[in-house]
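Throughout, residue positions are numbered sequentially from 1 according to the sequence presented. Note that the structure is predicted; figures quoted are calculated from it, not measured.
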Amino acid sequence: MKTEYLKITGDARTDEEVIERAAAVIRRGGLVAIPTETVYGLAGSALLEDSAKKIYAAKGRPSDNPLIVHIAYPEDAERIAYPDEIFTALAGRFMPGPLTVVLPKKDCIPDTVTAGGDTVAVRCPSNPVAHRLIEVSGHPIAAPSANRSGIPSPTRAEHVLADMDGRIDMILDGGPCEIGLESTVIRLDGNGSCTILRPGAVTAEMLGEVCRSVRIAPAVIEPSLANGIRPESPGMKYKHYAPKADLLLVDAPHDAFADYVRTHAEGKYGVLAWDEDAALFPEGALLSLGPRGDAREASRRLFSLLRQADERAFTTVYAELPPAEGETLAYYNRIIRAAGCRIIRP
Ligand code: TXA
Ligand code: MG
């Protein structure tokens, strides 16, 4: 299959033409990679079973891991699911944006999309290209991250091209993603309570402004496979985000981290390093996270840096274990999975 690569230029007329063409691909059951504010998504109609099948095939994704369905406006949730009051309250505060809410599904959503489950994950993206494509196509859109299953999610169109060239119909290049990590996924537990199944830019603290109580699923923090915790969301149980390089997480204050790397590293290695610590490592090893403590900047860069580690042929990459809290929780959750949950405590 020939994959068309089209750039979003910012010129309203040509961009609208590009989106019209992409919408036609969606309506006829094809696949288009699209920018969202979190990561690039692999979009297909959520109403067509065949599109969902093509998505699983293009990604090499296990068919028991359900897809998120994207809608243009929170009000459209009623077309595909049974939203309740707390959904409406959450939507009022966080949508459009990086929040996905699991709801009971309606019959128009094929079982393939929800991996046979009776719930559907609903998200309303804020990225204007994603928004407009959903609107123009007239279809709710199923879109997992547009990477091959198991490796870091794409935050630039070039990442998608590397993974999906020849496997999908079209790629829309809308530049780098603003957030860089996937949306927060929550389940509603009744009585205004919710559980975070996957952490993202909408934090537990932020959800607490709307929900009576916010629980964080144990597998978000504790690697589920390692500890025999039953996964509450199918996505929790798979290997994720991993570069080819061996990623080693070191649980140590940053001076001790630098010492550890200096005394243990050999071969062609890389270091995920804060700007302030750059001088502590050889220049050829640096993978810059940005200013120390800037969780948003580090989150924006993480997946791109993990892909860069492979492009630069590092065999090992060292990183500090971040704290599992607040704005850093999503970064923590991704990096422990990328490291296969192995943590070094020197
Ligand atoms: O930011 C995002 O959410 C991106 C962009 C493209 O929108 N999408 C994304 O999709 O990350 P994906 O397929 O890579 O991750 C979806 C996650 C998986 O962990 C999956 O298990 C979970 O959401 N999920 C989907 N449907 C679910 C459901 N009905 N119940 C529980 N978890 C669900
Ligand atoms: Mg994914």
Side-chain donor-acceptor distances from residues 111-118 under 3.5 Å, at least two apart:
{"residue": "Thr112", "atom": "OG1", "partner": "Glu49", "partner atom": "OE2", "Å": "2.4"}
{"residue": "Thr114", "atom": "OG1", "partner": "Asp111", "partner atom": "O", "Å": "3.4"}
{"residue": "Thr114", "atom": "OG1", "partner": "Gly117", "partner atom": "O", "Å": "2.9"}

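For Thr100, the side chain to side chain contact (heavy atoms under 4.5 Å, CB included) partners are Ile68, Ala121, Arg123, Ser183, Val185, not counting sequence neighbours. Phe314 pairs by the ring pair (Phe, Tyr, Trp, His ring centres under 6.0 Å) definition with nothing, not counting sequence neighbours. Applying the side chain to side chain contact (heavy atoms under 4.5 Å, CB included) test to Leu280 and every residue at least two apart in sequence or in another chain returns Ala258, Arg262, Asp277. Legend: residues meeting side chain to side chain donor-acceptor pair (under 3.5 Å) with Glu158, ordered by chain and number and at least two apart, are absent.
Exactly one residue among Arg334, Glu182, Arg307 makes a side-chain hydrogen bond (donor to acceptor under 3.5 Å, both in side chains) with Ser153. That residue is Glu182.
Salt-bridge check for Asp251 with Arg345: passed, with a basic side-chain N closer than 4.0 Å to an acidic carboxylate O.
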- Verify side-chain contact (heavy atoms from CB on, under 4.5 Å) between Leu321 and Ile336, making sure each step is shown before the conclusion. CA-CA 8 Å; Leu321 180 72; Ile336 60 168; 4.0 Å; yes
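Within the hydrophobic cluster formed by Ile, Leu, Val, Met, Phe, Trp and Tyr side chains joined at under 4.5 Å, directly or through other members, Leu6 is accompanied by Ile8, Val18, Ile19, Val25, Ile26, Val32, Ile34, Val129, Leu133, Ile134, Val136, Ile141, Met170, Leu172.
A donor-acceptor pair shorter than 3.5 Å cannot be found between the side chains of Arg215 and Ser193. Residues Glu325 and Tyr332 bring no donor and acceptor atom of their side chains to less than 3.5 Å of each other. Side-chain contact check for Asn147 and Ser145: at least one donor-acceptor pair (N or O, by modelled atom type) lies under 3.5 Å. If you check the side chains of Asp246 and Thr315, you find no donor sitting under 3.5 Å from an acceptor.
Asp275 places no side-chain N or O within 3.5 Å of a backbone atom of Arg292 that could act as its donor or acceptor partner.
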